[in-house]
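Residue indices begin at 1 and follow the sequence shown.
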Amino acid sequence: MAIHRIRSLKDDFTKEDTWRIFRILSEFVEGFEVLSQVGSAVSIFGSSRSKRDQKYYLLAEEIAYQVAKAGFAVITGGGPGIMEAGNKGARRAK
């Protein structure tokens, strides 16, 4: 029974687009090309559960503000919480 299940999964994979790996690789290449033009940057990545009135949210916003004012790009995962705070701080610094 287990061998049949493994064979079934393998068959499903071989029926998928065999060029998929190259598309995934091309996305990595595009990402590296974009990031190579960013210049000096700081990445802020943290909990998405942090609330706007919490200590670490406010601290992340202030750190991002100071980092952006110093001329660094701020890169986040774009989510809520700490990453949102990073975006807000960087935006405030223009």
Trainee: Report the distance from atom OG of S40 to atom CZ of F72, rounding to the nearest 0.5 Å.
Mentor: 5.5 Å
Trainee: Return the OG to CZ distance between S26 and R23, rounded to the nearest 0.5 Å.
Mentor: 8.0 Å
Trainee: Checking side-chain polar atoms at under 3.5 Å, does E62 have a donor or acceptor matched by the opposite partner on Q66?
Mentor: yes
Trainee: For the atom pair OH (Y56) and CD1 (I63), what is the distance rounded to the nearest 0.5 Å?
Mentor: 10.5 Å
Trainee: Please report the shortest heavy-atom distance between Y57 and K51, naming the atom on each side.
Mentor: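 Closest approach of Y57 to K51: CB-O, 3.1 Å.
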Trainee: Measure the CD1-OG distance between I82 and S47 for me, rounded to the nearest 0.5 Å.
Mentor: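 Taking CD1 in I82 and OG in S47, the distance rounds to 6.5 Å.
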Trainee: Could you state whether I24 and F22 fall into the same hydrophobic cluster, counting links through intermediate Ile, Leu, Val, Met, Phe, Trp or Tyr residues with side-chain heavy atoms under 4.5 angstrom apart?
Mentor: no
Trainee: Looking only at non-hydrogen atoms, find the nearest pair between V74 and G86 and report the distance.
Mentor: CG1-O, 4.0 Å
Trainee: More than 12 heavy atoms of other residues, nucleotides or ligands under 6.0 Å from CZ of R91: yes or no?
Mentor: no
Trainee: Under a 4.0 Å threshold between the charged nitrogen and the carboxylate oxygen, would E61 count as salt-bridged to R52?
Mentor: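 Judged by the 4.0 Å cut-off on N to carboxylate O distance, R52 and E61 do not form a salt bridge.
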Trainee: To the nearest 0.5 Å, tell me how far T76 OG1 sits from N87 CG.
Mentor: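 Nearest 0.5 Å value for the OG1-CG distance: 3.5 Å.
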Trainee: Do you know which two heavy atoms are closest between A68 and A93, and how far apart they sit?
Mentor: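 In terms of heavy atoms, the two residues are closest at CB-CB, 3.6 Å.
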Trainee: Give, for atom NZ of K88 and atom CG of L58, the distance between the pair rounded to the nearest 0.5 Å.
Mentor: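 Nearest 0.5 Å value for the NZ-CG distance: 8.0 Å.
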Trainee: Please answer: with hydrophobic residues joined when any side-chain heavy atoms are less than 4.5 Å apart, are V42 and F45 in the same cluster?
Mentor: no
Trainee: Taking all heavy atoms of I44 and all of A60, pick out the closest pair and write down the distance.
Mentor: CD1-O, 4.4 Å
